[in-house]
Amino acid sequence: MTEKRVAIVTGGSRGIGAAIVRRLAKDGLHVVAVARNLEKLEQVCAEVNAAGGSAEPLACDIGDAKAWAAALEQIGDKHGRVDVLVNNAGITRDDLILRMEDEAFDEVINTNLKSAFVSIRSAARLIMRSKTGRIINISSVAGVAGNAGQANYAASKAGLIGLSKSVARELSRKGVTCNVIAPGFITTDMTQVLPDELKETVKSNIPLRRFGEAAEIAAAVAFFASPDAAYITGQVLCVDGGMVM
Ligand code: NAI
């Protein structure tokens with residue numbers, strides 16, 4: 001069995017996920033970083049390992065439930081333990097509700113919500129065996145407050161909150177906690193593509209008057225993964241500069 005606590009982080013190739021990989025490795029965990037793009041994952045892991053941390057890449061399309069469940073089994077077989085599971089991977093396919101195609105709805109629900117269900121179901125037995133089992137799901141303020149043009153995304157992110165609260169209740173008897181982080185507007189590739197005008201409007205509505213950094217979400221993940229958060233479960237923490245309060 002791997003000696004270090006083992007964390008799985010989906011969407012670990014860039015943005016918030018890569019920041020979470022770096023932070024958990026810095027905090028002494030062995031991190032399995034999952035995403036579709038192996039090359040980018042290898043870059044992140046090489047950087048972590050060069051800095052004295054411990055991380056390994058695993059390429060998988062988490063939207064493919066069978067492939068993702070098989071990959072999780074492979075991680076379990078290799079390490080004999082899973083202590084921290086971070087469901088971070090997510091996509092957007094924005095459109096107004098009147099124009100939104102079934103396919104855009106299904107794809108977002110499948111990638112953002114069903115993949116988290118599959119990973120929790122597959123990893124639950126090993127997490128329950130850990131003395132410090134933690135599940136952390138990355139939602140969004142859109143899942144808490146809704147957002148025009150994001151009915152599919154907001155539904156997937158609100159779904160993660162219901163999923164997390166149910167899992168928190170089910171796994172609590174084994175000491176496993178399950179919490180949600182709802183980021184506001186964080187500077188990553190996902191948000192870089194938005195028009196500058198929209199970004200300025202968003203910024204003026206953030207009480208702290210700036211966008212968040214990926215490392216600030218990773219810090220909240222590190223807290224939930226730490227012994228300091230052992231008595232917190234079923235909670236939603238908005239890390240959003242005050243957007244939703
Ligand atoms: P990003 O687009 O920069 O990175 C997404 C990651 O998910 C990538 O590593 C990508 O490879 C992975 N991914 C997507 N679909 C996948 C699939 N089918 N299989 C495997 N991996 C897949 O996104 P960002 O900004 O880092 O966001 C991370 C999470 O935080 C997402 O769930 C997003 O919804 C959430 N979030 C982001 C906010 C922001 O302002 N950037 C705000 C609120 C929530």
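The model shown is predicted, which means the values in this text are computed figures rather than measured ones. Numbering of ligands and ligand atoms starts at 1, following listing order.
The single protein non-hydrogen atom nearest to atom 13 (N) of ligand 1 is A89 CB, 3.8 Å, given as residue, atom name and distance. Counting only heavy atoms of the protein, atom 26 (O) of ligand 1 lies nearest to I16 N, 2.8 Å. Among protein heavy atoms, the minimum distance from atom 3 (O) of ligand 1 is reached at R14 NE, 2.9 Å. In this structure, atom 38 (C) of ligand 1 lies nearest to the protein heavy atom G184 O, 3.8 Å. Looking from atom 23 (O) of ligand 1 to the surrounding protein, the closest heavy atom is M190 CB, 3.7 Å.
The shortest heavy-atom distance from W68 to ligand 1 is not under 4.0 Å. Residue C60 places a heavy atom less than 4.0 Å from ligand 1. Using a 4.0 Å heavy-atom cutoff, A142 is absent from the residues neighbouring ligand 1.
Every atom of ligand 1 is numbered from 1 in the order shown, and the set under 4.0 Å from a heavy atom of K157 is 31 (C), 32 (O), 33 (C), 34 (O). Proximity to G63 (heavy-atom distance under 4.0 Å) selects the following atoms of ligand 1: 18 (N). When each atom of ligand 1 is checked for a heavy atom of I186 under 4.0 Å away, the hits are 39 (C), 40 (O), 41 (N). Residue F185 has at least one heavy-atom neighbour below 4.0 Å for each of these atoms of ligand 1: 40 (O). Taking every heavy atom of G15 and a limit of under 4.0 angstrom, the matching atoms of ligand 1 come to 26 (O). Close approach of ligand 1 to G90 (heavy-atom distance below 4.0 Å) involves ligand atoms 5 (C), 7 (O), 14 (C), 31 (C), 32 (O). Applying the 4.0 Å criterion to heavy atoms of Y153 picks out, from ligand 1, the atoms 33 (C), 34 (O), 35 (C), 36 (N), 43 (C), 44 (C). Of all atoms in ligand 1, listed by their number and element, those nearer than 4.0 Å to a heavy atom of T111 are 15 (N), 18 (N).
Taking distance alone, with nitrogen or oxygen atoms compared against 3.5 Å, I91 stays at or beyond that limit from ligand 1. In terms of polar-atom proximity, defined here as any N/O pair under 3.5 Å, T191 makes no such contact with ligand 1. Annotation: G17 places no N or O atom under 3.5 Å from an N or O atom of ligand 1; distance criterion only. Checked against a 3.5 angstrom limit, the closest N/O atoms of S13 and ligand 1 fall inside it.
Note on I120 and I8: same hydrophobic cluster, where clusters join Ile, Leu, Val, Met, Phe, Trp and Tyr whose side-chain heavy atoms are under 4.5 Å apart, directly or indirectly. Put simply, V9 and L58 are part of two different groups of oily side chains (I, L, V, M, F, W, Y) that touch within less than 4.5 Å, one to the next. Clustering ILVMFWY residues whenever any of their side-chain heavy atoms sit less than 4.5 angstrom apart, transitively, puts I206 in a cluster other than the one holding I186. Two different hydrophobic clusters hold F185 and V239 under the rule that ILVMFWY side chains link at heavy-atom gaps under 4.5 Å.
Checked options V21, V82, L85, I75; the residue passing with V32 is I75 (criterion: side chain to side chain contact (heavy atoms under 4.5 Å, CB included)).
For D61, heavy-atom contacts with ligand 1 shorter than 4.0 Å involve the backbone as well as the side chain. Contacts of T188 with ligand 1, taken as heavy-atom pairs under 4.0 Å, involve the side chain alone. When non-hydrogen atoms are compared, ligand 1 lies under 4.0 Å from neither the backbone nor the side chain of F211. With a heavy-atom cut-off of 4.0 Å, S139 touches ligand 1 through its backbone alone.
A 4.5 Å side-chain heavy-atom check between L160 and V180 finds every atom pair outside the cut-off. Looking only at side-chain heavy atoms (C-beta outward), Q235 and K165 stay at 4.5 Å or farther from each other.
A salt bridge is defined here as a Lys NZ or Arg NE, NH1 or NH2 lying under 4.0 Å from an Asp or Glu carboxylate O, and D64 with K66 fails to meet this definition.
Checking V34, N88, V86 against atom 31 (C) of ligand 1, the nearest heavy atom belongs to N88. Across I62, N37, V44, heavy-atom proximity to atom 17 (C) of ligand 1 is greatest for I62. Residue P183 holds the heavy atom nearest to atom 43 (C) of ligand 1 of all those in P183, A182, S115. Among G212, G11, A67, the residue whose heavy atom sits closest to atom 7 (O) of ligand 1 is G11. Of all the listed residues (R36, K40, Q192, E107), R36 holds the heavy atom that lies closest to atom 15 (N) of ligand 1.
Heavy atoms from other residues, nucleotides or ligands lying under 6.0 Å from CZ of R99 number 12 at most.
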For this session: Could you go through the salt bridge (Lys or Arg N to Asp or Glu O under 4.0 Å) check for E73 and K78 one step at a time?
Result: CA-CA 9 Å; E73 205 178 314; K78 180 171 178 188; over 6 Å; no
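For the residue pair E3/H79, the side-chain donor-acceptor check at 3.5 Å is not satisfied. Judged by distance alone, the side chains of N37 and S13 never bring a donor and an acceptor atom under 3.5 Å apart. A donor-acceptor pair shorter than 3.5 Å can be found between the side chains of N137 and S164. R5 and T132 form a side-chain donor-acceptor contact under 3.5 Å, judged by distance and modelled atom types alone.
T111 places no side-chain N or O within donor-acceptor distance of the main-chain N or O of G90, the cut-off being under 3.5 Å. Checked by atom type and distance alone, the side chain of D228 never pairs as donor or acceptor with a backbone atom of F223 at under 3.5 Å.
Taking NZ of K4 as the start and NE2 of H30 as the end, the distance is 8.5 Å to the nearest 0.5 Å.
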